[in-house]
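All remarks here apply to the structure that follows.
Each chain gets a letter, A, B and so on, in the order the sequences are listed, and its residues count up from 1.
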Number of protein chains: 2
Amino acid sequence: MSLKHAMLGLLSDGPASGYDLLKTFDVSLANVWTATQSQLYAELGRLADAGLIEVTAEGPRGRKEYAITEAGLTELRRWLTEPSPSHPRRSEMLLRVFFLNQLSPEQARAYMRGLAENAEREQEQLSRLKEVVGQGKDALSVYGMIALEWGLRGSALLSEWARWAETEIVEHAGSTPGTQPPGSTPACTRET
Amino acid sequence: MSLKHAMLGLLSDGPASGYDLLKTFDVSLANVWTATQSQLYAELGRLADAGLIEVTAEGPRGRKEYAITEAGLTELRRWLTEPSPSHPRRSEMLLRVFFLNQLSPEQARAYMRGLAENAEREQEQLSRLKEVVGQGKDALSVYGMIALEWGLRGSALLSEWARWAETEIVEHAGSTPGTQPPGSTPACTRET
DNA sequence: ATAGTCATGTAATGAGTTACATGATTGC
DNA sequence: GCAATCATGTAACTCATTACATGACTAT
């Protein structure tokens with residue numbers, strides 16, 4: 001239940017309305033955590049009920065400004081220091097790679113090439129972003145820079161890996177769709 | 001809705017029962033896509049209703065063996081060639097990094113250190129796995145090796161990044177919990 | 001006989017998405 | 001006056017998790 005903690009985190013920086021938070025999710029947290037408007041307002045209600053946040057002001061158009069409470073801050077720090085659950089093992093990208101033998105080698109290479117191109121575009125965007133905020137007036141905090149660096153290194157890795165993989169996929173016999181023998185699914189066993 | 005495609009992918013390799021698929025998810029796909037038993041049986045029903053798979057045999061204990069149909073194969077290949085939706089922008093790990101200023105620098109470094117250690121453990125496991133399947137009797141397909149290589153490179157990157165980040169976190173004034181000024185949330189704007 | 005594994009299902013709950021619905025205020 | 005933006009909420013649906021429930025077969 002990380003939406004809750006994302007919201008507590010944002011409110012720990014100062015009071016805000018649901019509308020404000022929504023915008024923050026769209027810009028600051030866009031690459032880290034996404035949330036929809038419906039979700040946000042529902043969760044605001046729940047957090048307020050639980051006493052982790054409270055309404056501190058009401059403005060025009062029914063605007064309600066929320067602030068984090070002491071209990072909320074405590075919960076935020078508790079979450080930050082609890083042992084991380086291992087990262088979610090679910091990647092549509094890899095799932096496709098796993099079943100790429102259903103396509104022709106040429107189509108499979110095209111898939112990897114597409115991944116590489118996307119990664120390169122993302123890398124470019126992040127590089128520009130780094131320059132913009134790097135020495136801008138609203139300098140990133142250390143932690144923002146660390147997160148940005150992750151994006152940068154990650155997209156570089158993705159494009160390198162995809163380019164490498166492309167060269168690994170060569171013409172293969174016996175894998176024309178429908179003719180491969182059963183039992184040939186690639187194994188990627190977890191050792192527990 | 002990738003569970004559907006994961007199941008079609010597995011069945012494209014040969015007929016199997018729900019029970020068989022469950023085991024395959026636990027071993028072969030453990031690092032790529034997870035599924036629970038409830039989910040699996042429910043989805044089998046839906047896929048059969050949709051005509052993408054069909055029951056080809058019944059065994060003891062009510063065992064039902066399913067096989068992919070032509071329609072299912074077509075759907076699988078369609079999914080493999082459709083443009084990839086951009087990867088899910090939701091990472092609990094990064095979310096925590098973003099709000100690490102709520103902790104003391106020492107605690108924040110401990111968090112990064114924990115990430116690095118986990119990554120190093122994973123890297124070791126994958127290395128061993130690579131050796132085992134690398135020249136074993138049930139050799140990995142090219143695609144399985146490509147996926148494994150991603151895991152290997154990814155965990156190496158994670159540990160390097162986390163170790164680097166640890167050195168970036170130094171003692172800071174004004175960030176004792178509760179005393180930082182509003183408006184200092186790190187920005188990581190997406191450029192759209 | 002009885003423990004282990006094979007084998008399938010249902011119910012409750014939580015989390016997330018899309019679409020719908022409504023209305024106030026501000027700037028031109 | 002009107003368009004844009006501010007602002008909050010509800011409803012229906014899908015996806016995933018956990019727990020519960022049941023029973024057949026196999027090997028010792």
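Residues that satisfy the side-chain contact (heavy atoms from CB on, under 4.5 Å) test with A/Ser38, not counting sequence neighbours, are A/Thr36. Under the rule for a salt bridge (Lys or Arg N to Asp or Glu O under 4.0 Å), the partners of B/Arg163 that lie at least two apart in sequence or sit in another chain are B/Glu120, B/Glu166. For B/Tyr111, the side-chain contact (heavy atoms from CB on, under 4.5 Å) criterion is met by A/Ser84, B/Met93, B/Arg96, B/Val97, B/Leu100, B/Leu115, not counting sequence neighbours. Considering only residues two or more places apart in sequence or on other chains, A/Glu122 meets the side-chain hydrogen bond (donor to acceptor under 3.5 Å, both in side chains) condition with B/His87. With sequence neighbours excluded, no residue forms a ring pair (Phe, Tyr, Trp, His ring centres under 6.0 Å) with B/Trp33.
A straight line from CE of A/Met7 to P of C/dG16 spans 11 Å, rounded to a whole angstrom. Per the geometry, CG belonging to A/Leu22 stands 10 Å off C1' belonging to D/dA7, to the nearest Å. Taking atom OH of residue B/Tyr19 and atom P of nucleotide C/dG4, one finds them 14 Å apart after rounding to whole Å. As rounded to whole Å, 13 Å separates atom C1' of D/dT17 from atom CE of A/Met1. The interatomic distance linking B/Arg63 (CZ) with C/dC6 (C1') rounds to 9 Å, in whole Å. The CG atom of A/Asp26 sits 15 Å away from the P atom of D/dA7 (whole-angstrom rounding).
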Listing time: all N or O pairs from protein to nucleotides 1-3 of chain D that are below 3.5 Å?
none

I'd like a table of atom pairs between the protein and nucleotides 23-28 of chain C - only N or O on both sides, under 3.5 Å - with the distance next to each one.
none

For this session: Let me see the working for A/Leu11 and A/Leu21 under side-chain contact (heavy atoms from CB on, under 4.5 Å), right down to the final yes or no.
Result: CA-CA 8 Å; A/Leu11 287 176; A/Leu21 290 180; 4.2 Å; yes
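The stretch residues 37-48 of chain B touches DNA chain D through B/Ser38, B/Gln39, each having a heavy atom within less than 4.0 Å of the strand.
Minimum heavy-atom separation, B/Thr56 to B/Ala67: CG2-CB, 3.4 Å. Minimum interatomic distance between A/Ala35 and A/Leu3 (heavy atoms only, all atoms of both residues): CB-CD1, 3.7 Å.
The end-to-end axis angle of the helix from C/dA1-D/dT28 to C/dC28-D/dG1, rounded to 10 degrees and based on five pairs per end, is 10°.
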Only pairs under 3.5 Å count here: list side-chain donor-acceptor contacts from residues 145-158 of chain B, not counting sequence neighbours, and write none if there are none.
{"unit_1": "B/Glu149", "atom_1": "OE1", "unit_2": "B/Lys130", "atom_2": "NZ", "d": "3.4"}
{"unit_1": "B/Glu149", "atom_1": "OE2", "unit_2": "B/Arg153", "atom_2": "NE", "d": "2.9"}
{"unit_1": "B/Ser155", "atom_1": "OG", "unit_2": "B/Gly151", "atom_2": "O", "d": "3.0"}
{"unit_1": "B/Ser155", "atom_1": "OG", "unit_2": "B/Leu152", "atom_2": "O", "d": "3.2"}

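Among residue pairs with one or both ends in residues 48-75 of chain B, none qualify as ring-ring contact (aromatic ring centres under 6.0 Å, His included); sequence neighbours excluded. Residue pairs meeting the salt bridge (charged side-chain N to carboxylate O under 4.0 Å, His left out) criterion with at least one partner in residues 98-112 of chain A, sequence neighbours excluded, are A/Arg109-A/Glu171.
For B/Lys64, the side-chain atoms get nearest to C/dG9 when compared with the rest of C/dA15, D/dA16, C/dG9.
Enclosure of atom CD in B/Glu82 by more than 12 non-hydrogen atoms of other residues, nucleotides or ligands within 6.0 angstrom is indicated.
From B/Tyr143, atom OH reaches atom CD of A/Glu168 across 11.0 Å, with rounding to the nearest 0.5 Å.
Of the N and O atoms on the side chains of A/Gln102 and B/Trp79, not one donor lies less than 3.5 Å from an acceptor on the other residue.
Remark: A/Lys4 is not in phosphate contact with C/dA15, judged by side-chain N or O atoms under 4.0 Å from OP1 or OP2. When the side-chain nitrogen and oxygen atoms of A/Arg89 are compared with OP1 and OP2 of D/dA16, none of them lie within a distance under 4.0 Å.
Place B/Tyr66 and A/Trp33 on DNA chain C by their nearest nucleotides, and B/Tyr66 ends up nearer the 5' end.
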